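All values derive from a computational prediction rather than experimental measurement.
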Amino acid sequence: QVQLQESGGGLVQAGGSLRLSCAASGRTFDIYEVGWFRQAAGKERVLVAAIAWSGGATYTDDSVKGRFTISRDDGGNTVALQMSSLKAEDTAVYYCAARRRTNPYDYWGQGTQVTVSS
């Protein structure tokens, strides 16, 4: 129903910046919320930021608050995660996910690796 494709991952030094992008396709009209998750090696997958599809309401986890910003291009199908002041602890595979209203996150991208060198 919905397909998600992440891009923009890579290797960056601590203190640097990186911008991830999530392109949504398919039945994007059904999307209620888009989130960015990350999963470090050997750790659980956790939500770091989310945005309402219909407007500007956003959420960022305390671990990234003030450093990461989630946004959606105006009326488009792309959601970005702007990351700054990166730390080694930000190293993880980052996943874009979407959910319908009253549904869990059940649409997932393939993930993109972000590696921050200390």
Side-chain angles (χ1 to χ4, degrees):
Q1 289 273 65
V2 175
Q3 296 81 46
L4 304 171
Q5 178 68 51
E6 304 98 333
S7 61
L11 176 65
V12 64
Q13 294 186 29
S17 299
L18 204 62
R19 185 179 180 89
L20 305 183
S21 182
C22 173
S25 59
R27 294 182 58 89
T28 58
F29 185 82
D30 292 337
I31 296 175
Y32 178 69
E33 187 176 79
V34 173
W36 280 98
F37 293 74
R38 68 184 181 189
Q39 185 169 24
K43 304 295 185 180
E44 296 181 345
R45 185 176 299 180
V46 297
L47 177 69
V48 296
I51 186 167
W53 193 248
S54 61
T58 62
Y59 161 83
T60 51
D61 186 74
D62 287 344
S63 64
V64 303
K65 195 177 297 291
R67 301 187 300 116
F68 290 12
T69 301
I70 188 170
S71 62
R72 180 192 173 196
D73 63 339
D74 192 13
N77 294 328
T78 301
V79 173
L81 184 68
Q82 179 65 49
M83 306 182 294
S84 62
S85 301
L86 283 162
K87 307 173 181 178
E89 64 193 55
D90 296 319
T91 295
V93 177
Y94 284 72
Y95 297 89
C96 180
R99 69 179 183 92
R100 295 160 290 171
R101 184 187 290 268
T102 73
N103 281 263
Y105 285 102
D106 54 7
Y107 301 115
W108 293 86
Q110 83 290 339
T112 185
Q113 176 72 46
V114 172
T115 302
V116 183
S117 60
S118 60

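Nearest heavy atoms, Ile51 versus Val79: CG2-CG1, 4.1 Å. For the residue pair Thr78 and Ser21, the shortest heavy atom distance occurs at CG2-OG, 3.1 Å. In this structure, Cys22 and Leu4 approach most closely via the heavy-atom pair SG-CD2, 3.9 Å. Nearest approach of Ser17 to Gln82, heavy atoms of both residues: CB-NE2, 4.1 Å. A pairwise comparison of heavy atoms in Arg38 and Ala92 identifies CB-CB, 3.8 Å as the closest pair.
Between the Asp30 side chain and the Thr28 main chain, no donor and acceptor come within less than 3.5 Å of each other. With Arg19 contributing its side chain and Gly8 its backbone, the two residues share no donor-acceptor pair below 3.5 Å.
Cys96 is listed as a side-chain neighbour of Val34, based on a closest heavy-atom distance under 4.5 Å. A 4.5 Å side-chain heavy-atom check between Val114 and Leu20 finds at least one atom pair inside the cut-off. Side-chain contact between Phe68 and Asp90 is present, with heavy atoms from C-beta onward closer than 4.5 Å. Looking at Gln13 and Ser117, their side chains come closer than 4.5 Å, going by heavy atoms from C-beta outward. Here the side chains of Arg100 and Val2 are not in contact, with every heavy-atom distance at 4.5 Å or above.
Side chains of Gln113 and Thr115: a donor on one and an acceptor on the other come within 3.5 Å.
Residue pairs meeting the ring pair (Phe, Tyr, Trp, His ring centres under 6.0 Å) criterion with at least one member in residues 5-36: none, sequence neighbours excluded.
One finds the OG atom of Ser54 at 9.5 Å from the CD atom of Glu33 (value rounded to the nearest 0.5 Å). Thr91 OG1 to Lys43 NZ: the interatomic distance, rounded to the nearest 0.5 Å, is 13.0 Å.
Alongside Tyr95, the hydrophobic cluster contains Phe37, Leu47, Tyr59, Val93, Tyr105, Trp108 (criterion: ILVMFWY side chains under 4.5 Å).
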Are Arg67 and Met83 close enough, and set up right, to give a side-chain contact (heavy atoms from CB on, under 4.5 Å), and what steps lead you there? CA-CA 6 Å; Arg67 301 187 300 116; Met83 306 182 294; over 6 Å; no

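When the shell of 6.0 Å around CD of Gln110 is examined, it contains more than 12 heavy atoms from other residues, nucleotides or ligands.
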